Amino acid sequence: MTDFLTGLNEPQREAVLHTDGPLMIIAGAGSGKTRVLTYRTAHLIRQGVDPFRILLLTFTNKAAGEMRQRIEKVVGNDARAIWMGTFHSVFAKILRFEASHLGFTSNFSIYDTDDSKSLIRSIVKERGLDDKIYKPGVVFNRISGAKNRLISADDYLQNPIIQADDAAARLPEVGRIFKIYVDRCFKANAMDFDDLLFNTNILFRDHPDVLHKYQHKFRHVMVDEFQDTNVSQYLITRKLAAIHQNICVVGDDAQSIYAFRGADIQNILNFEKDYPDLSTIRLEQNYRSTQTIVKAANSVIARNRAQLRKEVWTSNEDGPLIEVIKASSDNEEGRLVATHIFEEKVTHGLRNNDFAVLYRTNAQSRAFEEALRKLNIKYRIIGGLSFYQRKEIKDLLAYLRFTINQSDEEAFKRIINLPKRGIGDTTVAKIAVVAAEKGIPVWEVVANIGQHAAGRWNSAIEGFADLIKSYGLLLDKKDAYEVASHVAKTSGLLKELYEDKTVEGLSRYENVQELLNAIKEFVDNPDNEDKSLGAFLQTVSLITTADTDEDPNDNDKVTLMTIHGAKGLEFDHVYIVGLEEDLFPSQMMLQSRADLEEERRLFYVAITRAEKRLVVSYAESRYQYGRPKMCEPSRFLDEIDTKYLQISRSASRRSAESRELSDGGEVLRQPTSFLKNLTAKTSLNRATTPVVNHKPSENFAPSDTRQLAVGQRVEHAKFGFGTVKDLDINGTDRKAVILFEKAGEKTLLLSFAKLRIVE
DNA sequence: CTATCGCACTGTAGT
DNA sequence: AGTGCGATAG
């Protein structure tokens, strides 16, 4: 019965066996949290709990899928019936079921962030406001923040503190925009991501019978990654667990990294107050990482004040020291890290799979991609622009959405003139006016344009309406794939892309085909009972990059991703790159939220992803908006206890790099102690040798760029003396990053014009 | 109505 | 550097 308990340590076992009453599991990094959650669920089922009455909320769909598989290994098919998924997917499901209570229909659309911003832009313009001031992203964030704190548009307008805050931010109209936004979403029969949670709260608040139903249904409620839940999510779980009181939350306050988007660390810090008879179990033994990595991580996180008492330890071996790589530019950082990976692979016989490069922002991936490609190392990028955010994909999805839900305003805007059918903004605006005057939905006007307006464009509009109507007729007869491929063909979308013979056009055509393949897979999957287009759209709106599956035959790749994306993952060899002030910790985070502690937790998460070896790197200069910029090493480097650091590696690497690039080029400077650089930052830019004499002025000829080498002293007609910091060789294309010191000011340049070598 | 060009601006994570 | 905007021409 409890055979699977044998491999567990004492607190883990205790957590698995504690089945009744509120439970909080504080799970340190690498402490076997997933294992405990898996076994606990399996244990509940073996104890006779109906899997249908277990609710398990995870952070990503992928995590849910993996956990379901692991539970299945223990209890078999019963695992299928568990209610498991992200907050958004589980409550979207419940909302579809109960939609009528809120005045929605069950085929409501889910607006993604782009849809929301687009709608806000429309509202801002309609109200005659300046969208340079009322930036859609900013307005959206304010609305989103309010919803996550369960503040409705009316509450927002009536709250003097919020109003004062908006006034101070010179955005007094946000509340009005909020109210219109909510109204328009409702009329479009659409919910945005935040609404899925907000409306669930409203549903449970205003419909006690519905709440009661789910309260009784879910005998056990479990929440993974509890530290990253927001108030809205917390209240839902609390309400659901109110009768049975079987609520189990698992989390680690030290790994809370989503406060910026509304996650409330107070949820975990105050949980004890909400549940006086709470049992708390701490999982403190780390099974993942080496002694060095665990201790280094502890030395960093110890600087945070707001945290629960916890002592993460490991009995693993010491392992190698943490290496620090210093690069003069972002490109060099890419090359040094790629070379490091290459050499580790060769000397230790490792696979690409064993490595991950973690950065703070997606924009940093470029340099690593280029460098890895040059060394023929396969890599995969997680995050960035996801498949489902691509224009061509969103276009086809918009057609499908609109076929299902003709109130979907954002889908309508996307496709009304796509492909071009001569219905421009002016015509659309006219239709909107007619609809508003007659007080009927836009689709009513479009579908019966002859009755409502007469004009040159009527035939084009009729054509569009007939198209959509014909699609609608297919819904009951055909499955999702048949409808989607029919739409792709007959709408002209596929044709337009097919005729575009550019490289991008080809790739966009392939992307649409891939979407159709994905729909085919959905239809062919026996697990999916409902094969309708509506069912497919429900799942697709909540898919993210973290969830996309890999081709299992071709997955030996180095992983490149943001630290946020790496949550919950682990790799033998981890590179944390771009450790520079203003980048990590991020300047934005410090300015707007003044939350250094969250950045530090992010650093902690990054460190604790590593199992065997950790390498950190930073660059002295970096491109930003196509302009080079000087960088200082991150304060976080200083926060790692020096006894866990090894510095020398960067020196040998650097000289190897210089040799490779400039045969015979001088090594810029032997990096000394890393900490010395931190205390004497100016030394970074000091000229190595003051140059007095040089050859008479003669501008660089393109052929002479071969003479450039890292460390080479140069003079520029405008910027004066400088040192070559980095060379970038791309086929015949050679670029140099040069650091100039003029009047105490440092400038970086990327051009050979008006440049000459100094003896 | 559509295409194109110059200009201004961008500055974080992702359900 | 990339994007998205408005102005202008076709």
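Quick note: numbers below take in every heavy atom, side chains included, and nothing from hydrogens, waters or symmetry partners. Because the structure is a prediction, the values reported are computed rather than measured.
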Next item on the list: Tell me what A/Y258 touches on the nucleic acid: a base, only sugar-phosphate, or nothing, going by heavy atoms under 4.0 Å.
Entry: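 Sugar-phosphate contact only.
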
Rounded distance in Å - [atom1] ([X]) to [atom2] ([N]):
X	N	atom1	atom2	answer
A/N141	B/dA13	CG	C1'	11 Å
A/F193	B/dA13	CZ	C1'	15 Å
A/Q624	C/dT3	CD	P	17 Å
A/L583	B/dT12	CG	P	10 Å
A/K117	C/dC5	NZ	C1'	17 Å
A/Q227	B/dT15	CD	C1'	15 Å
A/K132	B/dC7	NZ	C1'	10 Å
A/Y388	B/dT15	OH	P	14 Å

Using OP1 and OP2 only, check whether a side-chain N or O of [X] sits under 4.0 Å from [N].
X	N	result
A/S586	B/dA13	no
A/N148	B/dT15	no
A/T562	B/dG14	yes
A/K135	B/dT10	yes
A/R121	C/dC5	yes
A/N362	B/dG14	yes

Note to self: Looking at every heavy atom in both A/L583 and A/G578, which two are closest together, and how far apart are they?
What the structure shows: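 A/L583 and A/G578 have their closest heavy atoms at CD2-O, 3.5 Å.
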
I'd like to know if [X] pairs up with [Y] as an ion pair, taking the criterion as any Lys NZ or Arg NE/NH1/NH2 lying under 4.0 Å from an Asp or Glu carboxylate oxygen.
X	Y	answer
A/R414	A/E410	no
A/K33	A/D224	yes
A/D112	A/K394	yes

Minimum-distance nucleotide (side-chain atoms of [X] versus [options]):
X	options	answer
A/R360	B/dC1, B/dT15, B/dA13	B/dA13
A/H564	B/dA13, B/dT15, B/dT2	B/dA13
A/R261	B/dG14, B/dT12, B/dT2	B/dG14

Item checked: Any N/O donor-acceptor pair, A/T113 side-chain to B/dT15 base, under 3.5 Å ->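 Flag set: donor-acceptor pair detected.
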
Note to self: Is it true that A/R366 and A/N331 share a donor-acceptor pair across their side chains at a distance under 3.5 Å?
What the structure shows: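 Yes.
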
Next item on the list: With the side chain counted from C-beta on, respond yes when A/F104 and A/F186 share a heavy-atom pair under 4.5 Å apart, and no when they do not.
Entry: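 Yes, their side chains come closer than 4.5 Å.
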
Next item on the list: Identify whether a stacking contact exists between A/Y623 and C/dA1, where the ring centres must be under 5.5 Å apart and the planes under 30° apart.
Entry: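 Answer is no, no stack.
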
Checklist line | Closest-nucleotide 5' rank along DNA chain B - winner of A/I423 and A/D582 | finding: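 Of the two residues, A/I423 wins.
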
